[in-house]
Colleague: 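Sharing a structure with you now.
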Amino acid sequence: MALRLYDTKTATVRDFEPLQPGRVSLYYCGATVQGRPHVGHVRSAVAFDILVRWLEHSGYDVLSVRNVTDIDDKILEKSAASYAADFVPDEDYPAGEPWFALAYRFEQAFHEAYDALGVRRPRYEPRATGHMTEMFTLIRRLIDAGHAYPTTDDSGDVYFDVRSWPAYGELTRQRVEDMQDAPDADPRGKRDPRDFALWKGHKDGEPESASWDSPWGRGRPGWHLECSAMSTKYLGPTFDIHGGGLDLRFPHHENELAQSAAAGDGFARYWLHNGMVTYEGEKMSKSVGNTISPEEMLASARPVAVRYFLGQAQYRSQLDYRPSSLAEAEAAVDRIETFLARAGEVEEIAPGDAVPEGFAAAMDDDLNVPAALAVLHDTVRAGNTAWDAGDRGTAVARAREVATMASVLGLLDVPSPSRAADDAGHAALASLVEGLLEERAEAKAAKDYARADAIRDRLTAVGVQIEDSRDGARWSLARGTDKEAAHG
RNA sequence: GGUGGGGUGGCCGAGUGGCGAGGCAGCGGCCUGCAAAGCCGUAUACGCGGGUUCGAUUCCCGUCCCCACCUCCA
């Protein structure tokens, strides 16, 4: 069975056949680095991380590119605001910060969030500001082809001519005539209100450092242009997959497609869009106050549980967060880890190449992670059953499959800052706990259950969980609350 | 107004024209000195009204509601 993916442009599930056998070129939209990452950003990143992992598991060499939009209106606005006399700095926005410093700072914040969740970095992460000449070339091509024009006023703007491109709207199946005009649209020098900026002329009051000399005057690039220019540079005029959040379909991806296609490029062959994250069914919004940030999630649950939560729904589905979500994810992850730890007592469990057929079929079916997780959990059960029956060989075999599946879903690569952060402390703790467990074993042997239970209660009280087995007691640090990983 | 996606048991969340995925929570049982972990069992679920069909949650029609996008947005 081969991979099938839902393609937004054709609105169908299609067999995935890469341009070049064995190689996949993937471009997906990263963030505009104007603020701290929110849950939606990391959900998208996890979704595409799972795609890349599954492609690689399937034997493809994946060339992935994710852009960093480090120049745009919001970045400039926020920087400008930080210089205002009445500006009140907070922990996210200090006073007097240049736009490029602000952008770079948040770019790093995104990296921290991605890293914390085990999202692997793409092969390249190009920044918009580093690709001016590539953008000039694309604008030139569009003007020469009659699909773009510099305004006749003195603004220095260059626009894409929507009316010159009959296919405009093909990605989202909209007709230009049906589109609602933006209420606050400033027609400026546009021929049509839907025309969008390829190049924005420099305006008085904007920092000189935020503009570049171009054949059409000093200015800065429009948002959509960078993706067309950079994807072409790193992946070629035609590439396999273009991804991003559902909210980017229009206008961002529609405009990218129009630009690149009008310039004569094949552009993306498959369009993938991940669903939004909601809070108890409602769109997260700062004004409503129903938001939760990746940091807050990481403070209340282990990173691996956060990752599990973010990846557990099918990527196109809306992912609903509610206060109990992370505890549920934590429980599910615990179940998997407990089994792997059991089998790990027999021999080391490392991910291999083989996954159960049902898992592969689910992943090939447009990355049906929920169905894949069902197979994973079934395999855990089968392994536990074998373990309880004393069949260690089968248990270990199942554990290998579980580890492989978990690895494909990115659950084994999530850093666990707690443990690694303090090996010495952990060793000391282990020594103390094991001493107490020996005492407890002696008490149990003497049928002094009061004393045995007192020792267990004492350990439980400080977050050390005890599990008895025929081979003796096993201990682990209680999860869920995860005092260890709590961020300070 | 236009475009697209949804409404599944206490919660999350797949899926299918007919043998009720999976996780979490609950209940009963096995195991255990007691727990924990594990295993087994346990639910008159598919927004509403019609229709097609031997049979629909799954197809068709209507209807209600929700969400996203059409302005910066993962």
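Reminder, nothing fancy here: chain letters follow the sequence lines and each chain counts from 1. Just so it is clear, the model here is predicted, and its values are computed rather than measured.
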Colleague: List in chain and number order the residues that pass side chain to side chain contact (heavy atoms under 4.5 Å, CB included) with A/Arg14, two or more places apart in sequence or in another chain; answer none if no residue qualifies.
Modeller: A/Asp7, A/Thr10, A/Thr12, A/Tyr270

Colleague: Using a heavy-atom distance cut-off of less than 4.0 Å, which residues of residues 108-115 of chain A contact RNA chain B?
Modeller: none

Colleague: Please enumerate all protein N or O atoms sitting under 3.5 Å from an N or O of nucleotides 3-10 of chain B, with distances to 0.1 Å.
Modeller:
residue : atom : partner  : partner atom : Å
B/rU3   : O2'  : A/Thr172 : O            : 2.7

Colleague: Could you provide the dot-bracket string of RNA chain B, using ( ) for intrastrand pairs, [ ] for crossing pairs and | for bases paired to another strand, with Watson-Crick or G-U pairs below 3.5 Å?
Modeller: (((((((..(((.....[...))).(((((.......)))))....(((((..]....))))))))))))....

Colleague: For A/Glu434, check side-chain hydrogen bond (donor to acceptor under 3.5 Å, both in side chains) against everything at least two apart and list the hits.
Modeller: A/Trp475

Colleague: Distances under 3.5 Å only, N/O to N/O: pair up the protein atoms with those of nucleotides 40-42 of chain B.
Modeller:
residue : atom : partner  : partner atom : Å
B/rC40  : OP2  : A/Arg381 : NE           : 3.3

Colleague: For A/Arg173, what residues pass the salt bridge (Lys or Arg N to Asp or Glu O under 4.0 Å) criterion, not counting sequence neighbours?
Modeller: none

Colleague: Can you list the residues that meet the salt bridge (Lys or Arg N to Asp or Glu O under 4.0 Å) rule with A/Glu442, with sequence neighbours excluded?
Modeller: none

Colleague: Enumerate the protein-to-nucleotides 28-31 of chain B contacts in which both atoms are nitrogen or oxygen and the separation is below 3.5 Å.
Modeller:
none

Colleague: With A/Phe339, which residues qualify under ring-ring contact (aromatic ring centres under 6.0 Å, His included), at least two apart?
Modeller: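 ring-ring contact (aromatic ring centres under 6.0 Å, His included) check on A/Phe339 returns nothing, list empty.
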
Colleague: Base, sugar-phosphate, or nothing: which does A/Asn368 touch, judged by heavy atoms less than 4.0 Å apart?
Modeller: sugar-phosphate

Colleague: Answer with base, sugar-phosphate or nothing: what part of the nucleic acid does A/Thr8 contact at a heavy-atom distance below 4.0 Å?
Modeller: nothing

Colleague: Could you check which residues of residues 439-451 of chain A get a heavy atom under 4.0 Å from RNA chain B? Sort them by number, please.
Modeller: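 The answer is A/Arg440, A/Lys444, A/Tyr449.
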
Colleague: Pairs in or reaching into residues 26-48 of chain A: which pass salt bridge (Lys or Arg N to Asp or Glu O under 4.0 Å), with residues at least two apart or in two chains?
Modeller: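 Listed by first then second residue: A/Arg36-A/Asp92, A/Arg36-A/Glu295.
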
